[in-house]
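Keep in mind the model is a prediction, meaning the values are calculated, not measured. Throughout, protein chains are lettered first and strands after them, A, B, ... in sequence-line order, and every chain is numbered starting at 1.
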Amino acid sequence: MPKSVFISALSLEQRKIVKIILSIPRGRVTSYGQIAARAGLPGRARLVGRLLRIAPDALKLPWHRVLRADGQTAFPAGDPAFDEQLRRLLAEGVEHKNGKIDFARFGWQRDLDEQLWGPR
DNA sequence: CCGATGACTCTGC
DNA sequence: CGCAGAGCCATCG
């Protein structure tokens, strides 16, 4: 599906989610739940997951920067997307320990904290 | 209309 | 850390 057609078919809530995902900084990660919360949709993480699932590649969303609340990818080990996501993250400096990313080090929220309270 | 199904999350044991 | 249960709710058969 063409990019513009897809976008125009989205609800206001979904467009908001798209904008938030696009604003995740390179080298940072966040969770489905956090995105939903930022979009004013607390408790609706599944909506974010569903959107990423149906979004055309043409949108070029940084889907790899979206993880589950426990710091792992939403894909099971062995799934091509599992390796792809970790590969993309490593490419931008986000490390993982056995498929688990530490939000304290790479979480998007940490950027906000540092801006408010300073490094360390 | 109903039950099943998720790129989810939180609580409780 | 693991697992079950319960919310969550748009989609689909």
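- Atom-to-atom, CG of Asn98(A) to P of dG2(C) comes out at 11 Å; the value is rounded to the nearest Å.
- Nucleotides dC8(C) and dG6(B) have their C1' atoms positioned 11 Å apart, rounded to a whole Å.
- Phosphate contact (OP1/OP2 of dT9(B), side-chain N/O of Ser31(A), threshold under 4.0 Å): present.
- The cationic group of Arg38(A) lies under 6.0 Å from the six-membered ring centre of Trp108(A) and within 45° of the ring axis, placing it in a cation-pi geometry.
- Note on Phe82(A) and Leu90(A): separate hydrophobic clusters, where clusters join Ile, Leu, Val, Met, Phe, Trp and Tyr whose side-chain heavy atoms are under 4.5 Å apart, directly or indirectly.
- Whole-Å rounding puts the Leu41(A) CG to dC8(C) C1' distance at 12 Å.
- Across all strands shown, Thr73(A) has no heavy atoms under 4.0 Å from either base or sugar-phosphate atoms.
- Counting to the nearest Å, the P atom of dA7(B) and the CD1 atom of Ile21(A) are 14 Å from each other.
- The interatomic distance linking Tyr32(A) (OH) with dA10(C) (C1') rounds to 17 Å, in whole Å.
- Ion pair Arg28(A)/Glu92(A) not flagged as a salt bridge, since none of the NZ, NE, NH1 or NH2 atoms sits closer than 4.0 Å to an Asp/Glu carboxylate oxygen.
- One atom, CZ of Phe103(A), and another, P of dC8(B), lie 13 Å apart when rounded to the nearest Å.
- Taking NZ from Lys19(A) and CD1 from Ile21(A), the interatomic distance works out to 13.0 Å, rounded to the nearest 0.5 Å.
- Under a cut-off of 6.0 angstrom, the local environment of CG in Asp57(A) is sparse, with at most 12 non-hydrogen atoms contributed by other residues, nucleotides or ligands.
- Comparing dC1(B) with dC12(C), their C1' atoms are spaced 13 Å from each other, to the whole Å.
- Taking every heavy atom of residues 46-61 of chain A and every atom of DNA chain B, pairs under 4.0 Å involve Arg46(A), Gly49(A), Leu52(A), Arg53(A), by number.
- In this structure, the CD atom of Gln34(A) is 16 Å from the C1' atom of dA7(B), given to the nearest Å.
- Note: Glu95(A) CD to Phe106(A) CZ = 4.5 Å, rounded to the nearest 0.5 Å.
- Rounded to an integer number of Å, the gap from CD of Glu13(A) to P of dC9(C) is 10 Å.
- Between the CD1 atom of Ile101(A) and the P atom of dA7(B) there is a distance of 19 Å, rounded to whole Å.
- Under a 4.0 Å N-O distance rule, the pair Arg88(A)/Glu84(A) qualifies as a salt bridge.
- In terms of phosphate contacts, Arg44(A) brings a side-chain nitrogen or oxygen within less than 4.0 Å of OP1 or OP2 of dA10(C).
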